[in-house]
Visitor: 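Take this structure, written in structure tokens, and hold onto it; I'll ask about it next.
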Amino acid sequence: MDKKVRVRFAPSPTGGLHLGGVRTVLFNYLFAKHFGGDFILRIEDTDQTRFVEGAEDYIFECLKWCGLTPDESPLHGGPYAPYRQSERKEIYRQYAEQLLKDGHAYYAFDTPEELDAKRKEIPNFQYNHQHRLALRNSVSLTETETAKLLEKNVPYVIRIKMPDNEEVRFTDMIRGEVNFHSSQTDDKVLLKADGMPTYHLAVVVDDYLMKITHAFRGEEWLPSAPVHVLLWKYLFGLENMPHWAHLPLILKPDGNGKLSKRDGDRLGFPVFAMNWTDPRTNDFAQGFRERGFLPEAFVNMLAVLGWNDGSEQEIFTMTELIQKFSMDRVHKGGAKFDYEKAKWFNHEWIKRLPVSSLLLPVKRLFEEQGIAIDDEEMFAKVLELVKDRCTLLPDFVQQASFFFKLPETIDIASIKPKWDDKKNQFFMELIRAYELTTLWQHDELEKELKEMAAAHQIKSGELMAPFRIMLVGGKFGPGVFDIAEIIGREETIARIKHTLQLVNL
RNA sequence: GGAGCGUUGGUCAAGGGGUUAAGACACCUCCCUUUCACGGAGGAAUCACGGGUUCGAUUCCCGUACGCUCUACCA
């Protein structure tokens with residue numbers, strides 16, 4: 001590649017960032033970094049009616065959490081600022097005017113109401129070569145009529161004049177050669193009545209001005225690609241056009257169709273990267289982050305949804321992804337999102353990440369549950385012990401809170417039916433034995449219990465369940481003797497005594 | 001309706017003219033573990049359908065079906 005690779009992610013700040021959006025960012029980022037290029041974040045906020053307070057900050061926060069930091073953005077600045085399209089409003093008009101001058105665009109004076117009426121009246125109505133002569137625009141009107149309307153400040157839009165008969169083709173990095181016939185696309189609005197550009201104009205002007213070399217976006221954009229290709233041809237030359245790639249969609253797990261927030265609500269999994277509350281409706285959606293996903297896992301899971309490196313490897317660090325990513329290994333077909341698999345990735349990452357990097361987020365979760373952690377060293381030991389059985393971060397609280405406080409409930413009902421004097425005697429004696437144990441260490445504790453069981457002629461298996469319940473409150477958690485070792489002599493004995501009292505009531 | 005894109009087990013997918021059609025998730029069975037996990041062993045697909053091309057197609061070509069996306073002064 002001769003030019004420095006420059007890619008952009010261009011979201012509109014209208015709500016939370018969903019899986020598909022994050023994956024688009026990710027593929028952009030990986031591609032750019034693979035080639036040592038730049039990753040630009042551009043905010044496409046040309047529709048003022050859809051602007052949502054806080055959405056832009058949310059996007060930055062998401063990218064930060066995922067570790068996908070832009071090289072240039074409204075926040076980070078850069079040589080092609082401003083990076084917010086609303087602040088670039090004046091720039092677009094001159095290009096619209098150039099198109100006008102060259103006969104590739106025209107003024108249209110039809111009101112939205114008139115067009116609505118047309119759509120009702122004529123089936124499959126399109127503002128195109130077939131109908132534009134019958135509408136109010138600078139093609140159908142004489143020059144003086146047009147001039148008069150403009151002079152009277154009659155609101156207008158500028159539309160592209162799609163050629164009636166032209167093959168529009170381009171090469172998509174994922175799909176190969178793609179063809180469209182120009183007559184199939186209508187005369188898209190380029191500049192709105194409020195003077196703002198539509199996406200179609202803004203995207204090509206900004207990609208040109210910001211020297212974008214590769215443009216990746218969701219597959220839903222494919223049908224409007226011919227408009228963009230034509231604009232490139234008219235304005236900047238096809239030879240300067242970025243290479244396109246239209247990414248496959250992320251589909252809902254059941255049935256078909258694009259994954260939406262509703263599917264997440266319905267099926268019980270997040271769809272947004274982080275918590276998002278719509279400020280207008282107060283509609284809340286939980287994010288992957290708050291659900292207890294690690295950013296490493298979230299990114300990994302997204303990367304292999306529609307891409308793989310051809311090997312059997314599934315777990316990738318960001319560094320490996322950057323090294324191995326290539327657009328020609330991206331799948332063409334959409335992929336159904338599988339939440340179970342997503343959790344598996346998190347589980348894998350919890351298992352392989354050193355405890356040191358889990359410490360902080362998990363500690364926070366404990367504290368949120370009112371469990372203070374003062375002994376960091378013990379905390380680390382506990383996490384190491386339980387991490388194999390934690391899929392999501394909050395599982396740590398469930399799996400390990402009993403290390404730091406008395407179990408909230410003790411499953412007496414499971415002990416009682418098989419409880420007898422013999423066992424009671426046994427545990428009384430175990431307490432005495434444990435009081436004297438010199439080496440408080442799990443092997444030693446296990447040995448003592450088993451020897452004593454033999455002496456009492458009780459199968460040690462019958463003792464394990466009650467002992468576990470005494471220490472953790474239920475039938476779960478890591479090895480009992482490991483637990484005893486960590487919580488210590490005093491606490492172990494106290495818990496045995498406590499349960500003994502309850503059982504003997 | 002039109003245009004475009006897509007279609008390998010339930011899901012993610014590798015592969016690509018001749019293979020026992022990888023692997024992972026989920027599921028089932030078993031082993032390990034006197035809890036639950038982790039770990040280990042095993043189980044299931046003829047590649048949407050129909051035509052070609054070919055000695056031979058899941059793999060190439062053409063149709064059909066099905067699905068999706070778009071069809072706004074939204075992105």
Side-chain angles (χ1 to χ4, degrees), chain A residues 10-14 21 44-47 49-50 85 108 110-112 115-116 119 123-128 155-159 172 174-175 178-181 183-186 188-200 202-203 217-226 246 248-249 251-258 301 304-315 329 331-345 347-348 351 386-391 395 399 411 414 450 453 459-465 467-469 472 474-480:
Chain A
S12 52
T14 53
E44 309 228 339
D45 56 349
T46 54
D47 187 356
T49 64
R50 295 214 309 163
Q85 289 183 332
D110 321 86
T111 65
L115 293 177
D116 276 347
R119 289 192 187 98
N124 303 322
F125 171 82
Q126 295 265 277
Y127 208 120
N128 60 13
Y156 65 85
V157 300
I158 296 176
R159 309 186 88 109
D172 185 283
I174 295 171
R175 288 150 220 287
V178 184
N179 288 290
F180 291 89
H181 196 86
S183 65
Q184 296 299 333
T185 308
D186 59 348
K188 295 282 181 222
V189 171
L190 263 19
L191 204 73
K192 299 185 258 190
D194 64 3
M196 275 288 192
T198 59
Y199 172 83
H200 303 109
V203 73
R217 66 219 317 190
E219 190 187 332
E220 69 268 26
W221 287 106
L222 206 40
S224 53
H246 290 86
L249 266 15
L251 278 14
K252 57 183 74 184
D254 57 341
N256 295 295
K258 244 197 320 189
M301 174 274 285
V304 297
L305 199 57
W307 172 86
N308 71 82
D309 75 337
S311 77
E312 285 179 13
Q313 186 175 352
E314 291 200 89
I315 304 295
R329 289 203 61 88
H331 235 250
K332 293 181 177 68
K336 288 186 184 179
F337 176 66
D338 182 355
Y339 185 55
E340 291 305 317
K341 184 86 186 220
K343 283 196 296 194
W344 177 80
F345 277 104
H347 194 15
E348 287 301 308
K351 280 190 293 180
V386 303
K387 69 178 195 173
D388 279 4
R389 57 198 79 212
C390 295
T391 298
D395 293 345
Q399 287 291 329
D411 186 9
S414 293
K450 286 192 171 165
K459 276 193 267 179
S460 60
E462 287 183 50
L463 269 6
M464 298 305 283
F467 190 31
R468 164 174 298 281
I469 290 169
V472 314
K475 293 183 207 167
F476 60 92
V480 249

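Sequence lines set the chain letters: A, B, ... in the order given, protein chains first and strands last, and positions in each chain run from 1.
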Visitor: Closest approach to the side chain of A:R329, judged atom by atom: which nucleotide of B:rG23, B:rU35, B:rG15 is it?
Guide: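 The nucleotide sitting nearest to the side chain is B:rG15.
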Visitor: I'd like to check A:K351 versus A:H347 (side-chain heavy atoms, cut-off strictly below 4.5 Å). Are they in contact?
Guide: yes
Visitor: Does A:H200 have any ring-ring contact (aromatic ring centres under 6.0 Å, His included) partners at least two apart in sequence or in another chain, and if so, which?
Guide: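 Checked A:H200 against ring-ring contact (aromatic ring centres under 6.0 Å, His included); matches are A:H228.
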Visitor: Roughly how many Å apart are B:rC49 and B:rU58, using the P atom of each and rounding to a whole number?
Guide: 9 Å
Visitor: Holding to ring-ring contact (aromatic ring centres under 6.0 Å, His included), I want the full list of residues that pass it with A:F345, two or more places apart in sequence or in another chain.
Guide: none
Visitor: Is A:G306 touching bases, backbone alone, or none of the nucleic acid, heavy atoms closer than 4.0 Å?
Guide: sugar-phosphate
Visitor: For the residue pair A:D186 and A:Q126, what are the closest heavy atoms and their distance?
Guide: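 Looks like CB-OE1, 3.8 Å.
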Visitor: Taking atom P in both B:rC74 and B:rG15, what distance in whole Å separates the two?
Guide: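 Comparing P positions in B:rC74 and B:rG15 gives a spacing of 42 Å.
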Visitor: Which sits closer to the 5' end of RNA chain B, A:P253 or A:K459, going by the nucleotide each is nearest to?
Guide: A:P253
Visitor: Rounding to an integer number of angstrom, what distance separates B:rC12 and B:rC55 when you compare their P atoms?
Guide: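 Taking atom P in both B:rC12 and B:rC55, they lie 37 Å apart.
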Visitor: Summarise protein proximity over nucleotides 37-45 of chain B in one line of letters, 5' to 3': B for base, S for sugar-phosphate only, - for none, counting protein heavy atoms closer than 4.0 Å.
Guide: BSS------
Visitor: Restricting to side-chain hydrogen bond (donor to acceptor under 3.5 Å, both in side chains), what partner residues turn up for A:D194, sequence neighbours left out?
Guide: none
Visitor: In this structure, how many angstroms lie between the C1' atom of B:rU11 and the NE2 atom of A:H331, rounded?
Guide: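 After rounding, the gap between these two atoms is 13 Å.
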Visitor: Taking ring-ring contact (aromatic ring centres under 6.0 Å, His included) as the test, write out the residues that go with A:W307, two or more places apart.
Guide: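 Result, ring-ring contact (aromatic ring centres under 6.0 Å, His included) vs A:W307: A:F316, A:F325.
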Visitor: According to salt bridge (charged side-chain N to carboxylate O under 4.0 Å, His left out), who are the partners of A:E340, at least two apart in sequence or on a separate chain?
Guide: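 Partners of A:E340 under the salt bridge (charged side-chain N to carboxylate O under 4.0 Å, His left out) test: A:K343.
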Visitor: Could you check whether any side-chain heavy atom of A:E219 comes within less than 4.5 Å of a side-chain heavy atom of A:R175, counting everything from C-beta outward?
Guide: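 They are in side-chain contact.
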Visitor: So what's the dot-bracket for RNA chain B: Watson-Crick or G-U pairs under 3.5 Å, [ ] if a pair crosses, | if it pairs off-strand?
Guide: (((((((..(((.....[....))).(((((.......)))))....(((((..]....))))))))))))....
Visitor: Do you know the tightest heavy-atom contact between A:R329 and A:N308?
Guide: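 Smallest heavy-atom distance, with atoms named: NE-O, 2.9 Å.
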Visitor: Does A:R50 use its side chain to pair, donor to acceptor, with the backbone of A:P13 at less than 3.5 Å?
Guide: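 No, the answer is negative, given that no donor and acceptor are paired below the 3.5 Å cut-off.
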Visitor: Would you mind reading off the distance between A:N128 atom CG and B:rA3 atom C1', rounded to a whole angstrom?
Guide: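 Atom CG in A:N128 sits about 13 Å away from atom C1' in B:rA3.
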Visitor: Can you check the distance between B:rC70 and B:rC60, where both ends of the measurement are the P atom (answer in whole Å)?
Guide: 29 Å
Visitor: Quick check for you: among B:rG2, B:rA14, B:rC12, whose closest atom lies nearest to any side-chain atom of A:Q184?
Guide: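 Within the option list, the nearest is B:rG2.
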Visitor: Starting at CG of A:D309 and ending at P of B:rG23, how long is that distance when rounded to a whole Å?
Guide: 16 Å
Visitor: Mind checking whether A:I174 and A:H246 have side chains closer than 4.5 Å, heavy atoms only?
Guide: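 Contact flag for A:I174/A:H246 side chains = no.
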Visitor: Checking all strands, does A:V203 fall into the base, sugar-phosphate, or nothing category for heavy-atom contacts under 4.0 angstrom?
Guide: nothing
Visitor: Could you measure between the two C1' atoms, the one in B:rA45 and the one in B:rA22, and give it in whole Å?
Guide: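 My reading of the C1' atoms in B:rA45 and B:rA22 gives 13 Å.
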Visitor: Rounded to the nearest Å, what distance is computed from the CG atom of residue A:D172 to the C1' atom of nucleotide B:rG6?
Guide: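 These atoms are roughly 13 Å apart.
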Visitor: Please determine if a side-chain N or O atom of A:N308 lies less than 4.0 Å away from the OP1 or OP2 oxygen of B:rA14.
Guide: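 Yes, because at least one side-chain N or O of A:N308 sits under 4.0 Å from OP1 or OP2 of B:rA14.
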Visitor: Taking the same atom, P, in B:rA41 and in B:rU64, what whole-Å distance lies between them?
Guide: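 Nearest-Å result for B:rA41 against B:rU64 at atom P: 48 Å.
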Visitor: Base, backbone or nothing for each nucleotide of nucleotides 68-75 of chain B, written B, S, -, heavy atoms under 4.0 angstrom, 5' to 3'?
Guide: SBSSSBBB
Visitor: Looking only at atom C1', what distance separates B:rA13 and B:rG50, rounded to whole Å?
Guide: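 These two C1' atoms come out 27 Å apart once rounded.
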Visitor: Tell me what A:V304 touches on the nucleic acid: a base, only sugar-phosphate, or nothing, going by heavy atoms under 4.0 Å.
Guide: sugar-phosphate
Visitor: Rounded to whole Å, how long is the line connecting atom CG of A:L305 with atom P of B:rA24?
Guide: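 Atom-to-atom, A:L305 to B:rA24, this comes out as 18 Å.
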Visitor: Could you give the NZ-to-C1' distance, from A:K332 to B:rA14, as a whole number of Å?
Guide: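 In whole Å, B:rA14 C1' and A:K332 NZ are 14 Å from each other.
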Visitor: Touch check for A:F476, heavy atoms < 4.0 angstrom, all strands: base, sugar-phosphate only, or nothing?
Guide: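 Here A:F476 touches the bases of the nucleic acid.
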Visitor: Distance check, C1' atoms only: B:rA65 and B:rU29, in whole angstrom units.
Guide: 38 Å
Visitor: Provide, to the nearest angstrom, the distance between the CZ atom belonging to A:F337 and the P atom belonging to B:rA13.
Guide: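 Checked: the CZ to P distance equals 13 Å.
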Visitor: Evaluate the side-chain proximity of A:K192 to A:T198: yes if any heavy-atom separation is below 4.5 Å, no if none is.
Guide: yes
Visitor: Could you go through nucleotides 26-30 of chain B and list every protein N or O atom that sits under 3.5 Å from one of its N or O atoms, giving the distance for each pair?
Guide:
none

Visitor: Take the protein atom NZ of A:K343 and the nucleotide atom P of B:rC12, then report the distance between them rounded to whole Å.
Guide: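 That distance rounds to 18 Å.
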Visitor: Side chains of A:M301 and A:Y339: does their closest heavy-atom pair fall under 4.5 Å?
Guide: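 They are not in side-chain contact.
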Visitor: Under 4.0 Å, counting only non-hydrogen atoms across every strand here, what does A:G218 touch: a base, just sugar-phosphate, or nothing?
Guide: nothing
Visitor: Name the nucleic acid region contacted by A:P478, choosing base, sugar-phosphate or nothing; use a 4.0 angstrom heavy-atom cut-off, strictly under.
Guide: base
Visitor: Using salt bridge (charged side-chain N to carboxylate O under 4.0 Å, His left out) as the criterion, list what pairs up with A:K475, not counting sequence neighbours.
Guide: none
Visitor: With sequence neighbours excluded, tell me which residues meet side-chain hydrogen bond (donor to acceptor under 3.5 Å, both in side chains) with A:D47.
Guide: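 Counting only residues at least two positions away or on another chain, A:D47 forms a side-chain hydrogen bond (donor to acceptor under 3.5 Å, both in side chains) with A:T49.
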Visitor: Kindly write out the residues that satisfy side-chain hydrogen bond (donor to acceptor under 3.5 Å, both in side chains) with A:D338, not counting sequence neighbours, or none if the list is empty.
Guide: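 A:D338 satisfies side-chain hydrogen bond (donor to acceptor under 3.5 Å, both in side chains) with no residue once adjacent residues are dropped.
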Visitor: Nearest-nucleotide wise, let me know which of A:W307 and A:R468 is further upstream toward the 5' end of RNA chain B.
Guide: A:W307
